Every structure is written in C-alpha cells, then in structure tokens.
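When reading the values below, keep in mind they use all heavy atoms of this one structure, side chains included, and skip hydrogens, waters and symmetry mates. Everything numeric in this text was worked out from a predicted model, so none of it was measured.
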Amino acid sequence: KFKGDFVEVAAPSYTFYALTPASAVNGGSGSNWSVTIPTYQTPSSLSCDEAAMLLYAKSSEFESIPTEAISMKFSHVATYCRLTLGNISAALPEEAAGAVVKTVDVEFSVPVAGSWNFKLSDGTLSAGRASNKITINAEGQNMEDLWFAMAPCDLGGQSVTVSVNTDKGTIR
C-alpha cells in the first residue's frame, strides 16, 4: 500500500529540430543554439554566401521515436540583401583610374552579423556577440549583384555606410 499523493507521469514526447549549415552552428542543446552569420561573405552571382544561408526546421511532436523518415519544412533564419553599386569608376579620383574592387564593407547602426542566439522552437534570434559590419568579397563580382545575408532587423531610421575597397584605396 502507498500513502500520500500520487504523481501522474506523462508519456514522453519527441520533437526534432534541424539547423543548417553545420559550419554556422557554434553549439547548443535542445532548441537553444548559438549560430554565426558570417561577417565576411563570398557571394555567388545569384545568391549570398552558402555559409550565411541559415535554415532551420521543427518537426511535429511524436509519441514515440519514428522508425521512418520524418517530414520537416525549413525556414530561413537570415534575411538576404542585394546591393547594387553602379558606375564605381566615376567615383574614383583620377589617380585611381583602373582600380580593381577587392571588398565592399556594409556597416549598419544595428547588429546584423556575428554570433547570435537562436531558439529553434519558435524561430527567434537575439544578438550574442554580434557585429554591425559585413565585408563582401567582391573580387570578380558584378557590382550590380552583390548578395549578402544578415540578421533580420528594422532599419527604419538607422544608418548604413558602404565602403568600396579597391587595390588603389577606398571609396565611401
């Protein structure tokens, strides 16, 4: 015989989470993870750097561990920007004629890259060791299609500074 209160123990449930790419994951457990949106990015001509294209998914809840594949719908963690810089050669001083663009720095007045805390259970992102600056590797890139990824944020009333770094100096 037992005396006292009885506690009902609920059957375990299982929810699965996924976060990709692995190179962007710094660590974590359960649904709380640290991720990096790179501060240095090398885009393709059609998209941002793959290492900055963070995706996550959360499964349905299961009463037991599934024995077959489960279906998960992925969503984006980062937001993506396409920067167009036209007629850079006209902005160069005479002594810098023929300069080759190496990188483009985009600096914001709010955090947009670096280390972030990501909650997979509800898709929320909060700044960890975040940075306000993203450097885009622009060598060989079309200056009208510079893609980069950044943390979603409200830029209303904020400032953005773009610096074009060439082999002959910087244009701001």
Side-chain angles (χ1 to χ4, degrees), residues 1-84 103-138 141-142 145-162:
K1 291 187 173 184
F2 293 99
K3 286 188 176 185
D5 294 328
F6 290 96
V7 177
E8 285 188 35
V9 177
S13 64
Y14 302 91
T15 303
F16 299 89
Y17 301 98
L19 186 57
T20 185
S23 63
V25 179
N26 302 324
S29 65
S31 72
N32 298 308
W33 289 83
S34 172
V35 297
T36 296
I37 296 173
T39 56
Y40 186 87
Q41 300 179 25
T42 302
S44 73
S45 61
L46 300 174
S47 182
C48 70
D49 189 328
E50 287 182 14
M53 196 177 292
L54 280 71
L55 301 170
Y56 77 100
K58 176 183 172 183
S59 75
S60 300
E61 191 173 295
F62 296 92
E63 291 180 10
S64 62
I65 296 176
T67 57
E68 295 184 18
I70 60 173
S71 178
M72 298 173 79
K73 179 183 176 195
F74 282 83
S75 298
H76 291 270
V77 174
T79 191
Y80 309 104
C81 299
R82 178 180 163 205
L83 179 64
T84 298
T103 61
V104 174
D105 295 328
V106 186
E107 194 162 355
F108 300 83
S109 56
V110 295
V112 294
S115 182
W116 293 79
N117 302 309
F118 185 67
K119 197 168 191 175
L120 281 148
S121 58
D122 63 10
T124 57
L125 193 64
S126 60
R129 299 173 98 190
S131 173
N132 293 30
K133 181 178 168 185
I134 295 173
T135 299
I136 305 165
N137 177 358
Q141 297 287 337
N142 175 350
D145 287 313
L146 288 176
W147 289 89
F148 62 95
M150 60 187 256
C153 60
D154 181 359
L155 292 176
Q158 301 298 322
S159 65
V160 178
T161 303
V162 177

Specify the closest pair of heavy atoms between S47 and M53, including all atoms of both residues, with the distance to one decimal. OG-CE, 3.0 Å

Which word best sums up how the rings of F108 and F148 line up, parallel for under 30°, tilted for 30 to 60°, or perpendicular for over 60°? tilted

Given T39 and K133, is the side-chain contact (heavy atoms from CB on, under 4.5 Å) satisfied, shown in steps? CA-CA 6 Å; T39 56; K133 181 178 168 185; over 6 Å; no

Can you name the closest pair of heavy atoms from S44 and W147 and give their distance? O-CD1, 4.2 Å

Least distance between heavy atoms, L54 atom then P21 atom: CA-CD, 4.1 Å

Tell me the closest heavy-atom pair linking A78 and P152, and the distance in Å. CA-CD, 4.3 Å

Should S45 and D145 be marked as a side-chain contact (heavy atoms from CB on, under 4.5 Å) after you check the CA-CA gap, both sets of side-chain angles, and the distance that decides it? CA-CA 6 Å; S45 61; D145 287 313; 5.8 Å; no

Are K58 and T15 packed together at the side-chain level, in the sense that at least one heavy-atom pair is separated by less than 4.5 angstrom? yes

Using side-chain heavy atoms (C-beta onward) and a distance below 4.5 Å, is V110 in contact with L155? yes

pair N32-N117: side-chain heavy atoms closer than 4.5 Å: no

Nearest heavy-atom contact between A18 and L120 is O-CD2, 3.5 Å

Whether H76 and Y80 hold their rings parallel, tilted or perpendicular, with breakpoints at 30° and 60°: perpendicular

Do S109 and Q158 have side-chain N/O donor and acceptor atoms under 3.5 Å apart? yes

Closest heavy-atom pair and its distance - S31, Y17: CB-CZ, 3.7 Å

CH2 of W33 to NZ of K119, rounded to nearest 0.5 Å, is 15.0 Å

Using a 4.5 Å cut-off on heavy atoms from C-beta on, say whether the side chain of S59 contacts that of Y14. no

Note, D49 side chain near N137 side chain (heavy atom, < 4.5 Å): no

Among I136, L146, T103, V104, exactly one meets side chain to side chain contact (heavy atoms under 4.5 Å, CB included) together with Q141. Which residue is that? L146

Where the side chain of Q41 meets the backbone of C48, is there a donor-acceptor pair that is under 3.5 Å apart? no

Between V160 and V106, is the side-chain contact (heavy atoms from CB on, under 4.5 Å) condition met? List the steps. CA-CA 7 Å; V160 178; V106 186; 3.8 Å; yes

For T36 and N26, does a side-chain donor sit closer than 3.5 Å to a side-chain acceptor? yes

